[in-house]
Amino acid sequence: MATLYKGLFPYLERQGWDIEIAVGGRDLAEFSPADFGAPTLHRLSMEREVSPLKDLAGLFAFMRLLARRRYDVIHVSTPKASLLGSIAAFLTGNGPVVFVYRRRIYELMGGAKKWLYINIDRVIAALSRYVVPVSRGLGDQLIADRVCKREKLYLIGSGSSNGINVTRFAPDANADEAAMLRVEMGIPEDAPVLLFVGRIIGEKGVDLLPRIHARIREMIPGAHLVLVGPEDDRDPVTSETLAYLRGAPQTHWLGYRSDPRAAYSLADVFVFPSYFEGFANVLLECAAMELPAVAFDVSGVREVMADGVSGTLVPSGDADAMSDACIAILKDPELRARMAKDARARVVAEYSSEVVHAEIHRLLDMVAQAGR
């Protein structure tokens, strides 16, 4: 929630929108009004896991909510809420529905499970006025998977669903905290730092990081690896990877941090071996902070970072190519400085919150006017 909607609701409230939010089990009390405005909150029965009885209760809860008043636009996003919300909107005659599509959760699935999740997405898309993929490549995949027809797609600007606060994520925004963090981890002032930010899971390519780091250290012995992100047992990494992250020389796993800016500030290269993304927001964050990246050339990544501009894209799964690209950037200060400046300039022009929020407002106004 913090990444996906931060700043959007206050912007829409300033444009005259009344915002109501339906959440399952977790409220927004921990988030400041400056970031999330003052929306009306409805807590409904929703579980992430499939549970027929609980899902039926969640559907009825949605229907009771939507039966009480008419909404100009119903915005759905996460998989379970999108399914229950779109069905409830159809059964109560409410809406129209805008389905913001963030990732193909069936990407690495097969067989009956993949068939089930594709058809769930087809149902939601069929009940929606527009399907809004967070990247152009993701939209192309939805067409190929026959989730929806192209005329139902609506891309917000160059992609993203919320953009990034380029004032908050700015070069040297956390320079003092970064210096303190470097001292806490015992990293010498002149030692190069590789950074990964994300969940510690298989689909993010974390199992490749030990090999990548070890190869880089062969050429640059002082290179340190810093990781920010929580472990997730839904897609666990190997025991060998965990052992490396927890005990290998010059490796520092900081766990989850709500504010990763100090880590971005101390790093020299962002390494991102994810196998697939809906839209890689962390690449916007590091680019805004003038940190060049090396990532796999996959959907949801290649649109966020321009190869040779924001960093370097390498073939998916090629750990050696990723290592070599990191080494090339670390050994060429002029290249690193150029990529850093160009990366931020591109984010400011195409992905700043101001740009993306204005596009979202335009879409919501269009849908609301058409539905009246």
Side-chain angles (χ1 to χ4, degrees), residues 1-43 48 73-79 81-82 85 98-103 132-135 155-171 173-174 177 197-199 228-230 256-265 270 277-291 300 303-304 343-344 346-364:
M1 178 68 75
T3 299
L4 302 182
Y5 295 106
K6 195 170 188 177
L8 176 59
F9 300 148
Y11 173 84
L12 292 176
E13 287 172 346
R14 292 194 297 271
Q15 309 309 312
W17 286 83
D18 293 324
I19 311 293
E20 298 189 16
I21 305 173
V23 296
R26 179 183 176 187
D27 64 31
L28 302 179
E30 64 194 85
F31 301 126
S32 70
D35 292 329
F36 290 89
T40 300
L41 182 67
H42 305 280
R43 298 186 64 177
R48 181 190 295 268
V73 181
I74 297 175
H75 170 292
V76 298
S77 179
T78 57
S82 297
V98 171
F99 177 26
V100 176
Y101 196 94
R102 302 188 184 281
R103 66 193 295 265
V132 183
V134 294
S135 69
L155 185 71
I156 296 173
S158 297
S160 181
S161 64
N162 194 37
I164 182 170
N165 185 333
V166 295
T167 301
R168 181 170 182 267
F169 288 92
N174 286 64
E177 291 88 341
V197 176
R199 288 177 296 145
V228 176
Y256 172 75
R257 292 201 165 203
S258 60
D259 185 354
R261 289 178 297 167
Y264 287 128
S265 290
F270 189 77
E277 294 286 322
F279 189 85
N281 283 295
V282 290
L283 291 174
L284 291 186
E285 293 176 356
C286 72
M289 298 195 69
E290 295 190 352
L291 176 63
E303 295 177 55
V304 183
R344 176 169 173 82
R346 183 170 180 267
V347 168
V348 170
E350 298 186 35
Y351 297 107
S352 68
S353 297
E354 291 82 359
V355 172
V356 176
H357 289 174
E359 289 284 343
I360 294 172
H361 182 216
R362 188 175 298 112
L363 168 62
L364 297 180

Walk me through it: do His357 and Arg14 pass the test side chain to side chain contact (heavy atoms under 4.5 Å, CB included)?
CA-CA 12 Å; His357 289 174; Arg14 292 194 297 271; over 6 Å; no
Can you tell me how far apart SG (Cys286) and CG (Asn281) are? Round to the nearest 0.5 Å.
11.0 Å
Distance col, row Leu41:CG vs Ile19:CD1, nearest 0.5 angstrom, shows 13.0 Å
Heavy atoms of Val356 and Gly159 approach each other most closely as CG2-O, 4.3 Å
Test side-chain contact (heavy atoms from CB on, under 4.5 Å) applied to Val98 and Ile74, Val132, Ile360, the passing residue:
Val132
Is it the case that the side chain of Arg103 and the backbone of Gly300 share a donor-acceptor pair, with hydrogens and angles ignored and the cut-off at 3.5 Å?
no
Partners meeting side chain to side chain contact (heavy atoms under 4.5 Å, CB included) with Glu20 (sequence neighbours left out)
Thr40, His42, Arg69, Tyr71
Those residues that, when tested against Arg344, pass side chain to side chain donor-acceptor pair (under 3.5 Å) (two or more places apart)
none
Smallest separation among heavy atoms of Gly163 and Ser353, with atom names:
C-OG, 3.9 Å
Partners passing side chain to side chain donor-acceptor pair (under 3.5 Å) against Asn165 (at least two apart in sequence or in another chain)
none
CZ on Arg362 to CD on Gln15, rounded to 0.5 Å:
11.0 Å
Tightest non-hydrogen contact, residues Ser158 and Glu350, listed as OG-OE1, 2.9 Å
Can you sort out the partners of His75 under side chain to side chain contact (heavy atoms under 4.5 Å, CB included), two or more places apart, ordered by chain and number?
Tyr5, Ser77, Val100
One pair to check against side chain to side chain contact (heavy atoms under 4.5 Å, CB included): Tyr264 and Val197. What are the steps and the verdict?
CA-CA 9 Å; Tyr264 287 128; Val197 176; 4.0 Å; yes
For Pro39 and Ile21, work out which heavy atoms get closest and say how close.
CG-CD1, 3.5 Å
If the condition is side chain to side chain contact (heavy atoms under 4.5 Å, CB included), which residues does Ser352 pass it with, not counting sequence neighbours?
Val166, Glu354, Val355
Any side-chain heavy atom of Arg261 sitting closer than 4.5 Å to one from Glu177?
no
Sequence neighbours excluded, the answer for side chain to side chain donor-acceptor pair (under 3.5 Å) partners of Ser265 is none
Smallest separation among heavy atoms of Lys6 and Asn162, with atom names:
O-ND2, 2.9 Å
Approximate separation, where rounding is to 0.5 Å, of Leu8 CG and Asp35 CG
12.0 Å
Using a 3.5 Å distance criterion without hydrogens, assess whether the side chain of Ser135 forms a donor-acceptor pair with backbone atoms of Gly278.
yes
Just how far is it from atom CD of Glu303 to atom CG of Leu283, taken to the nearest 0.5 Å?
12.0 Å
Derivation and outcome, side chain to side chain contact (heavy atoms under 4.5 Å, CB included), residues Phe270 and Val282:
CA-CA 10 Å; Phe270 189 77; Val282 290; 4.0 Å; yes
Parallel, tilted or perpendicular: ring planes of Tyr11 versus His361, cut at 30 and 60 degrees
perpendicular
Closest approach of Ser258 to Pro260 (non-hydrogen atoms, all atoms of both residues)
O-CD, 3.7 Å
Is there a donor-acceptor pair under 3.5 Å between the side chain of Glu13 and the backbone N or O of Ala38?
yes
Could you check Leu284 against Phe169 for side chain to side chain contact (heavy atoms under 4.5 Å, CB included), going step by step and ending with a plain yes or no?
CA-CA 9 Å; Leu284 291 186; Phe169 288 92; over 6 Å; no
